[in-house]
Amino acid sequence: MQTTIPDWLKEIYPFVTKTLRTKGGARMSYVDEGPRSEEAVVMVHGNPTWSFYYRNLIRRISPAMRCVAPDHIGMGLSEKPQDYSYRLETRIQDLDTLIGELGLRKVHLVVHDWGGAIGLGWAGRNPEKTGRIVLLNTAAFPSERIPARIALCRSEFPGTVLVRGLNAFAGPATWMSMNLRSLSRQEKAAYLYPYGSWKDRVAVNAFVKDIPMKAGHPSYATLKKVGENLASLKEHPIRLVWGGADFCFNRSFFKRFTEIFPNSGKHYLERAGHYVLEDAQPDAIDLAASHMRG
């Protein structure tokens, strides 16, 4: 099944999307480009982006390697059920379902934002299937740090009204996540395309509320285990490509990953924002693509 994409979006997102049903019964949209193989680069986005974030990296890598980029349930072009379990554990399981359905025996990961907890959550449970990894301004362990603006969105009130009613998470992200350049009008429209109404923003809202700050949070134990399992990935080829002007996943997160993965390649792009693949073109794309090629 192919998701219908408007012509203006096809100009910058020129992919034929595919779908599958998750174990929770929701329709997941994903991009699957490049040569058919049991080995693929799987690109995992965070909040409030979608597979559109990886479009330029897909075009760079897919002539030589299979590239798979899912939209999490409730995000991007995937179905947006109002009663889905939008928890970290469910998202890891959904990713596992996709990888299993595609018959992938070797997975190279590119992760961004909370896609790190999801993608590395899967990798920590499947280190033998995991190959090369690129980390882009992300986290995969509990942290006591949260910017005030995200904490506000995380609240029930006024957070839900702000995120679902006023689009005050996905909207501001189109400019707050950039520093070296501004997104074009078309790029901004593409990032916001999936999130046009209260119902469409159900997972954006749930995603930000699923940030576990204390042990009592429903996703805290899962995130803690994700962090503990990172040790199983220490010997994997890992490259950090980091935007230094990120207001959220700042240098402290970069430093923590360099401690967890001391042998990783470290590329700290001082002036790039949170949307590092967008903001630091072509350098960030080059760094991520070259690592995937080995």
Side-chain angles (χ1 to χ4, degrees), residues 9 22 24 26-29 44-53 70-92 94 111-118 136-139 142-179 182-183 185 187-214 216-220 222-223 243 246-250 253 273-275 278:
L9 182 53
T22 67
R27 179 185 56 79
M28 172 183 279
S29 177
V44 189
H45 72 83
N47 187 32
T49 59
W50 54 291
S51 56
F52 177 79
Y53 178 71
D71 293 337
H72 302 304
I73 300 302
M75 310 293 286
L77 304 181
S78 289
E79 187 178 357
K80 299 176 176 61
Q82 302 301 296
D83 58 352
Y84 201 73
S85 172
Y86 292 114
R87 294 294 182 194
L88 174 59
E89 178 61 35
T90 304
R91 297 200 180 281
I92 296 171
D94 288 347
V111 298
H112 177 247
D113 191 86
W114 278 102
I118 299 165
L136 307 165
N137 290 70
T138 187
S143 171
E144 296 180 356
R145 184 188 181 279
I146 185 170
R149 66 197 79 175
I150 294 179
L152 181 64
C153 290
R154 188 175 173 273
S155 66
E156 285 298 329
F157 182 83
T160 299
V161 174
L162 291 170
V163 175
R164 297 194 71 174
L166 301 177
N167 209 13
F169 196 79
T174 60
W175 56 268
M176 290 176 62
S177 297
M178 304 291 286
N179 188 53
S182 297
L183 292 171
R185 186 173 180 178
E187 288 169 334
K188 284 183 181 179
Y191 274 112
L192 297 179
Y193 173 74
Y195 311 123
S197 70
W198 176 281
K199 286 187 174 182
D200 289 345
R201 299 168 198 146
V202 59
V204 176
N205 182 57
F207 225 141
V208 73
K209 287 176 171 53
D210 198 45
I211 301 171
M213 300 303 299
K214 296 181 179 179
H217 188 282
S219 288
Y220 187 89
T222 302
L223 183 60
D246 189 340
F247 71 94
C248 181
F249 297 100
N250 62 8
F253 289 89
H274 176 61
Y275 286 0
E278 291 281 13

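Quantities reported herein were computed from a predicted structural model and do not represent experimental measurements.
Note that the CZ atom of R154 and the CD1 atom of I146 stand 5.5 Å from one another [nearest 0.5 Å]. The CD1 atom of I150 lies 8.0 Å from the CZ atom of R145; values are rounded to the nearest 0.5 Å. For the atom pair M28 CE and E79 CD, the distance stands at 11.5 Å (nearest 0.5 Å). To the nearest 0.5 Å, atoms CG (L77) and CG (L9) are separated by 7.0 Å. Note that CZ of R164 and SG of C153 are 13.5 Å apart. Values are rounded to the nearest 0.5 Å. Summarising the geometry, atom CZ belonging to F157 is positioned 10.0 Å from atom CG belonging to L152; distances are rounded to the nearest 0.5 Å.
Ring pair H112/Y275 is perpendicular by interplanar angle, where above 60° counts as perpendicular and below 30° as parallel.
Of all heavy-atom pairs between W198 and V161, the closest is CZ3-CA, 4.5 Å. The shortest heavy-atom contact between R27 and I73 is O-CD1, 3.6 Å. Heavy atoms only, all atoms of each residue included: V202 and P81 are closest at CG1-O, 3.8 Å. Of all heavy-atom pairs spanning A117 and I92, the tightest one is O-CD1, 4.0 Å. Across F247 and P147, no two heavy atoms sit closer than the pair O-CG, 3.7 Å. Of all the heavy atoms in P212 and W114, the pair that sits closest is CD-CH2, 4.4 Å.
Contact check for T49 versus M75: no side-chain heavy atoms found under the 4.5 Å cut-off. Between D210 and R91, the closest side-chain pair of non-hydrogen atoms is not below 4.5 Å. At a threshold of 4.5 Å between non-hydrogen side-chain atoms, the residues F52 and D71 do not count as touching. You'll find the side chain of H217 stays beyond 4.5 Å of the side chain of K209, heavy atoms only. Counting heavy atoms from C-beta on, the side chains of D113 and F249 come closer than 4.5 Å. Counting only heavy atoms from C-beta outward, the side chains of E278 and Y53 approach each other to under 4.5 Å. Side-chain contact between V111 and I118: absent, with no pair of heavy atoms (C-beta onward) separated by less than 4.5 Å.
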All N/O donor-acceptor pairs, side-chain side in residues 166-177, below 3.5 Å, sequence neighbours left out:
{"unit_1": "N167", "atom_1": "OD1", "unit_2": "R201", "atom_2": "NE", "d": "3.3"}
{"unit_1": "T174", "atom_1": "OG1", "unit_2": "G171", "atom_2": "O", "d": "2.7"}
{"unit_1": "S177", "atom_1": "OG", "unit_2": "A173", "atom_2": "O", "d": "3.1"}

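In this structure T222 satisfies the side chain to side chain donor-acceptor pair (under 3.5 Å) test with no other residue, sequence neighbours excluded.
A salt bridge does not link K80 to D200: none of the charged nitrogens lies less than 4.0 Å from a carboxylate oxygen.
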Stepwise ring-ring contact (aromatic ring centres under 6.0 Å, His included) check, Y86 with F207: CA-CA 7 Å; Y86 292 114; F207 225 141; 8.5 Å; no
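Side chain of S85 to main chain of T90: no donor-acceptor pair is present (N/O by atom type, distance under 3.5 Å, no hydrogens or angles). Panel note: side chain T160, backbone E156; a donor-acceptor pair is recorded below 3.5 Å. Within the 3.5 Å criterion, the main-chain N or O of S29 finds a donor-acceptor partner in the side chain of S78.
Residues D94 and H72 bring no donor and acceptor atom of their side chains to less than 3.5 Å of each other.
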